[in-house]
S.K.: 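Sharing a structure with you now.
Everything numeric here is computed off the predicted structure, so don't read it as measured data. Values reported hereafter were calculated over all heavy atoms of this structure, with side chains retained and with hydrogens, waters and symmetry mates removed.
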Amino acid sequence: FGAGGIFILNRSAERDSYGFAIVLDEGGRAVITGGAVMPGDDTSSIATVRLGRDGMPDPSFGDGGLVVYPGAAEGPDYGNWVSIMPDGRIVVTGAETGSTGSYDIVVIRYHPDGSRDTTFGDDGVVLYQGSGYDYAWGQTLMPDGSIIIAGTTEVRGNSLPLLLRYGPDGRPDPSFGEHGVWTFESFGSGMLYGVHLDEAGYLYANGYITKEGKDISLLVKIPLSDG
């Protein structure tokens, strides 16, 4: 596998690269997302790579096994979660630097060959831009093809736990929360890292809240029908 059991992605000498999430497809190929500084750049772009079962980049995916999303503004961008739909399409959730210098939440959907799925969002990309700092770490795919994202959003200077739901076309799902956005005021700054759906139709999301300088574990359970 790879070189002596190891695969390393480094497309720019002496520059950073990160791997934050991995999933295996039905063929046992690993799809990894994170960030990488590409040649000629100063900051990282969202990098997603697919490896064959031998641990080498899959040439049938993107450009030599790699697809890169550079974001719309200068600044670091990161892919934090990756999932594969039953039909093989790949969904990456992360954060990109926005025009104000703060972060926005980004969701990208790719075809199995690494090309962007233009039936999703705007040319394969969905952005969530709140009033300030918005960041996402986790996602779960629903049976109907919709996506639920877990993260944090800044409201009146306070970071709140956040769930977003988008339909299969990348549009916010108005049946979930308020126009596809679910959050709540807590007793401190909060964020959600992971989200999962059980067989009974309940969402579980985990993260933490900071109160008086102390981080407190947070687990939220909500019925999807009441999102």
Side-chain angles (χ1 to χ4, degrees), residues 18 20-21 33-35 44 46 69 71-73 75-83 91-109 120-122 125-142 146-167 170-198 200-227:
Y18 315 88
F20 291 136
T33 195
S44 67
I46 295 176
Y69 173 77
D77 311 312
Y78 304 105
N80 295 324
W81 199 278
V82 58
S83 303
V91 182
V92 173
T93 287
E96 70 168 74
T97 303
S99 58
T100 63
S102 186
Y103 279 109
D104 298 322
I105 294 170
V106 61
V107 187
I108 313 162
R109 193 164 76 191
F120 181 78
D122 182 8
V125 178
V126 167
L127 282 176
Y128 177 78
Q129 299 168 304
S131 59
Y133 177 89
D134 303 292
Y135 208 96
W137 291 274
Q139 73 183 15
T140 190
L141 302 183
M142 312 302 291
S146 61
I147 305 161
I148 295 183
I149 309 298
T152 187
T153 185
E154 184 178 342
V155 178
R156 297 184 294 276
N158 191 31
S159 296
L160 304 181
L162 173 71
L163 293 174
L164 303 171
R165 180 170 178 172
Y166 294 102
R171 296 177 183 270
D173 184 346
S175 69
F176 183 79
E178 295 185 8
H179 308 292
V181 180
W182 181 93
T183 188
F184 69 96
E185 296 276 358
S186 58
F187 50 77
S189 298
M191 53 196 66
L192 295 172
Y193 281 101
V195 58
H196 295 277
L197 177 71
D198 71 9
Y202 285 90
L203 283 175
Y204 292 80
N206 73 296
Y208 69 90
I209 291 177
T210 302
K211 180 182 181 182
E212 299 175 352
K214 181 179 180 180
D215 295 335
I216 303 172
S217 178
L218 172 68
L219 176 63
V220 178
K221 177 183 178 181
I222 58 174
L224 186 58
S225 58
D226 295 340

S.K.: Taking the side chain as everything from C-beta on, heavy atoms only, tell me whether L218 gets closer than 4.5 Å to P161.
M.R.: yes
S.K.: If you define the side chain from C-beta out and look only at heavy atoms, does anything of Y166 sit under 4.5 Å from S146?
M.R.: no
S.K.: With S131, which residues qualify under side-chain hydrogen bond (donor to acceptor under 3.5 Å, both in side chains), at least two apart?
M.R.: none
S.K.: Among residues at least two apart in sequence or on other chains, which ones pass side chain to side chain contact (heavy atoms under 4.5 Å, CB included) with D122?
M.R.: none
S.K.: The criterion is ring-ring contact (aromatic ring centres under 6.0 Å, His included); which residues satisfy it with Y133, sequence neighbours excluded?
M.R.: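 For Y133 the ring-ring contact (aromatic ring centres under 6.0 Å, His included) partners, ignoring immediate neighbours, are Y135.
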S.K.: Could you tell me whether the side chains of N80 and T33 share a donor-acceptor contact shorter than 3.5 Å?
M.R.: no
S.K.: Any side-chain heavy atom of F120 within less than 4.5 Å of one from V107?
M.R.: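 F120 vs V107: side chains touch.
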S.K.: Side chains of W182 and I222, heavy atoms from C-beta outward: is any pair under 4.5 Å?
M.R.: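 Contact flag for W182/I222 side chains = yes.
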S.K.: Mind checking what makes salt bridge (charged side-chain N to carboxylate O under 4.0 Å, His left out) contact with D173, not counting sequence neighbours?
M.R.: R165
S.K.: Who pairs with D77 by side-chain hydrogen bond (donor to acceptor under 3.5 Å, both in side chains), at least two apart in sequence or on another chain?
M.R.: none
S.K.: Can you sort out the partners of Y193 under side chain to side chain contact (heavy atoms under 4.5 Å, CB included), two or more places apart, ordered by chain and number?
M.R.: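 Side chain to side chain contact (heavy atoms under 4.5 Å, CB included) check on Y193 returns W137, M191, Y208.
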S.K.: Within the structure provided, determine whether F176 and L163 are in side-chain contact (heavy-atom separation under 4.5 Å).
M.R.: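 In short, these two side chains touch, coming nearer than 4.5 Å.
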S.K.: Sequence neighbours left out, what passes side-chain hydrogen bond (donor to acceptor under 3.5 Å, both in side chains) with T152? Give chain and number order.
M.R.: none
S.K.: If the condition is salt bridge (charged side-chain N to carboxylate O under 4.0 Å, His left out), which residues does E185 pass it with, not counting sequence neighbours?
M.R.: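 Per chain and number, E185 pairs via salt bridge (charged side-chain N to carboxylate O under 4.0 Å, His left out) with R156.
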S.K.: Using a cut-off of 6.0 Å, state whether more than 12 heavy atoms not belonging to F184 lie near its atom CZ.
M.R.: yes
S.K.: Kindly write out the residues that satisfy ring-ring contact (aromatic ring centres under 6.0 Å, His included) with Y18, not counting sequence neighbours, or none if the list is empty.
M.R.: F20, Y78
S.K.: Would you please name every residue forming a side-chain hydrogen bond (donor to acceptor under 3.5 Å, both in side chains) with E96, sequence neighbours left out?
M.R.: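 Once residues adjacent in sequence are excluded, the partners of E96 under the side-chain hydrogen bond (donor to acceptor under 3.5 Å, both in side chains) criterion are Y69.
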